[in-house]
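To start, the structure under review is shown below, and the notes come after it.
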2 protein chains.
Amino acid sequence: MNPIKQHTDKLRISGLRPTKQRLAICKILFDRKETFHFTIDTLKKIVEKSNFQKISTATLYNTVHAFEKKGYLKQISLKGNKTYFDTNTKKHHHFFDEDLSQLTDIKNENICVKNLPQMPSGKKIKEIDITIRIANNNQKQKSN
Amino acid sequence: MNPIKQHTDKLRISGLRPTKQRLAICKILFDRKETFHFTIDTLKKIVEKSNFQKISTATLYNTVHAFEKKGYLKQISLKGNKTYFDTNTKKHHHFFDEDLSQLTDIKNENICVKNLPQMPSGKKIKEIDITIRIANNNQKQKSN
DNA sequence: TTACACTTTAGAATGATTATAAAGTAAGAC
DNA sequence: GTCTTACTTTATAATCATTCTAAAGTGTAA
Ligand SMILES: [Mn+2]
Ligand SMILES: [Mn+2]
Ligand SMILES: [Zn+2]
Ligand SMILES: [Zn+2]
């Protein structure tokens, strides 16, 4: 019931020790109703604003990558310099609001891809990433 | 007819001076039948292998960004640290071969997206990016 | 030929991310 | 509870992609 206990268990089951840094990060990432899309920088700012002690940048990277490896986070395909992570690890897609640089989930069943061309033999589909870039009406529109 | 002349004209029309560096880069990028997907690093290596004089990194970046701004190249949405560019500026999508880190075009009409959910009001679709990640059969498969 | 805006360039600066290696800590054994 | 050890955290340095700077070079129109 207690979320701290839940996180502790989850970490232990994964072979990760439930350190206070990891628990603080779990709380930030997973104790929320909605999907959370973030960069390391976003996360660092949230930690700083919280009353928790400082967490070093190295630990933020280590922890996020450890969680990714265990399947609790996934990386998002986006152009741009920084890496975005996603607490929603189910198959799904995204709106990317170019005005706000903000991601929103699109449920997998709310999009339907048809007519896939054949692919190189011996290769199998691992993942399909769809990003729908949106912006205010009054902006330059892609032609073609 | 002469491709050098074509590139010279194209550059001049765009308000870009046809310098020898730009023409050498045009030749590498645009004198080919197939779409070319590349990073600055790829391009640098090709220039180095060619018999052309060295082109500075700053010029490679400047030129590629100038061509992008003029609409002769576009950037590709991908996760990862480096920026990929594409000589195919038409609307289209990609296979990404995870074994080879290699992109292949999928024609826009060969893929069909249905059932788009409604999006935030006042916002308009600027672009849809679809990446189909493929790899050899014998690899970890995404579940869900 | 001249003048000048546009370009190229080496090198410094920035920003994200990763590596290093020393100090701190969780957890099982006793 | 104490010990032991492997796992973690951390400051800091290192790396890598990209951008900035400002000085030297070049295309072009007059
Ligand atoms: Mn990772
Ligand atoms: Mn650009
Ligand atoms: Zn998401
Ligand atoms: Zn392409």
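So that the names make sense, note that chain A is the first sequence line, chain B the second, and so on, each numbered from 1.
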Exercise for the section: Verify the contact: side-chain N or O of A:R12 to OP1 or OP2 of C:dA27, cut-off strictly under 4.0 Å; return yes or no. Expected result: yes
Handout entry: Distance, rounded to the nearest Å, where B:K69 contributes NZ and C:dC6 contributes P
Key = 13 Å
Exercise for the section: Select base, sugar-phosphate, or nothing to describe what A:K44 touches, counting heavy atoms under 4.0 Å on all strands. Expected result: nothing
Practice task
Indicate whether OP1 or OP2 belonging to C:dT7 is found under 4.0 Å from a side-chain N or O atom of B:R22.
Solution key: yes
Handout entry: A:T39 side-chain N/O to C:dA16 phosphate OP1/OP2 under 4.0 Å
Key = no
Completion exercise
B:K70 NZ to C:dC6 P, in whole Å, measures 11 Å
Practice task
Check whether any side-chain nitrogen or oxygen of A:Q53 sits under 4.0 Å from OP1 or OP2 of D:dT9, and answer yes or no.
Solution key: no
Practice task
Respond yes when some side-chain nitrogen or oxygen of B:T83 is under 4.0 Å from OP1 or OP2 of D:dA17, and no when none is.
Solution key: no
Problem - Check: A:S14/A:Y72 side-chain N/O donor and acceptor closer than 3.5 Å - result: yes
Fill in the blank from the handout: Judged by nearest nucleotide, the residue sitting upstream toward the 5' end of DNA chain C, A:R17 or B:I55, is B:I55
Fill in the blank from the handout: dist A:F96:CZ -> A:L78:CG (nearest 0.5 Å) comes out at 5.5 Å
Handout entry: Distance-only side-chain donor-acceptor flag, B:K79 / A:T83, under 3.5 Å
Key = no
Handout entry: Rounded interatomic separation in angstrom, taking CG from B:L60 and P from C:dT9
Key = 8 Å
Practice task
Please state whether the phosphate of C:dT18, meaning OP1 or OP2, lies under 4.0 angstrom from any side-chain nitrogen or oxygen of A:Y61.
Solution key: no
Problem - B:L23 CG to D:dT26 C1', straight-line distance once rounded to whole Å - result: 13 Å
Handout entry: Closest to the B:P18 side chain, choosing from D:dA11, D:dT9, D:dG27
Key = D:dG27
Completion exercise
Between B:T57 and B:T19, whichever has its closest DNA chain D nucleotide further toward 5' is B:T57
Practice task
Please check the phosphate of D:dG25 (OP1 and OP2 only) for any side-chain N or O of B:Q21 closer than 4.0 Å.
Solution key: no
Exercise for the section: Using only side-chain N and O atoms of B:H65, determine if any of them is under 4.0 Å from OP1 or OP2 of D:dT18. Expected result: no
Practice task
Find the distance A:K79:NZ to D:dT18:P and express it as a whole number of Å.
Solution key: 14 Å
Practice task
Would you check if there is a donor-acceptor pair between the side chains of B:D105 and B:H93 at a distance under 3.5 Å?
Solution key: no
Exercise for the section: Let me know the distance between CD of A:Q75 and C1' of C:dA16, rounded to the nearest Å. Expected result: 13 Å
Handout entry: Touch class at under 4.0 angstrom, heavy-atom based, for A:G80 against every strand present
Key = nothing
Handout entry: Phosphate-side-chain proximity, B:K54 and C:dT8, N/O vs OP1/OP2 below 4.0 Å
Key = no
Practice task
Starting from P on C:dT17, measure out to CG on A:L43 and report it in whole angstrom.
Solution key: 12 Å
Handout entry: Any side-chain donor near an acceptor of the partner, B:H37 and B:D86, under 3.5 Å
Key = yes
Exercise for the section: Using a strict 4.0 Å threshold on nitrogen-to-oxygen distance, state whether B:D99 and A:K123 make a salt bridge. Expected result: yes
Exercise for the section: Using a cut-off of strictly less than 4.0 Å, decide whether A:T59 has a side-chain nitrogen or oxygen near OP1 or OP2 of D:dT10. Expected result: yes
Handout entry: Protein-nucleotide distance (A:K82, atom NZ; C:dG15, atom P), rounded to Å
Key = 10 Å
Exercise for the section: Would you indicate what A:N62 reaches in the nucleic acid, counting non-hydrogen atoms under 4.0 angstrom: base, sugar-phosphate, or nothing? Expected result: base
Practice task
Tell me which of B:N81 and A:T63 sits closer to the 5' end of DNA chain D, going by the nucleotide each one is nearest to.
Solution key: A:T63
Practice task
Compare side-chain N and O positions of A:K20 against OP1 and OP2 of D:dT8 and report whether any pair is under 4.0 Å apart.
Solution key: no
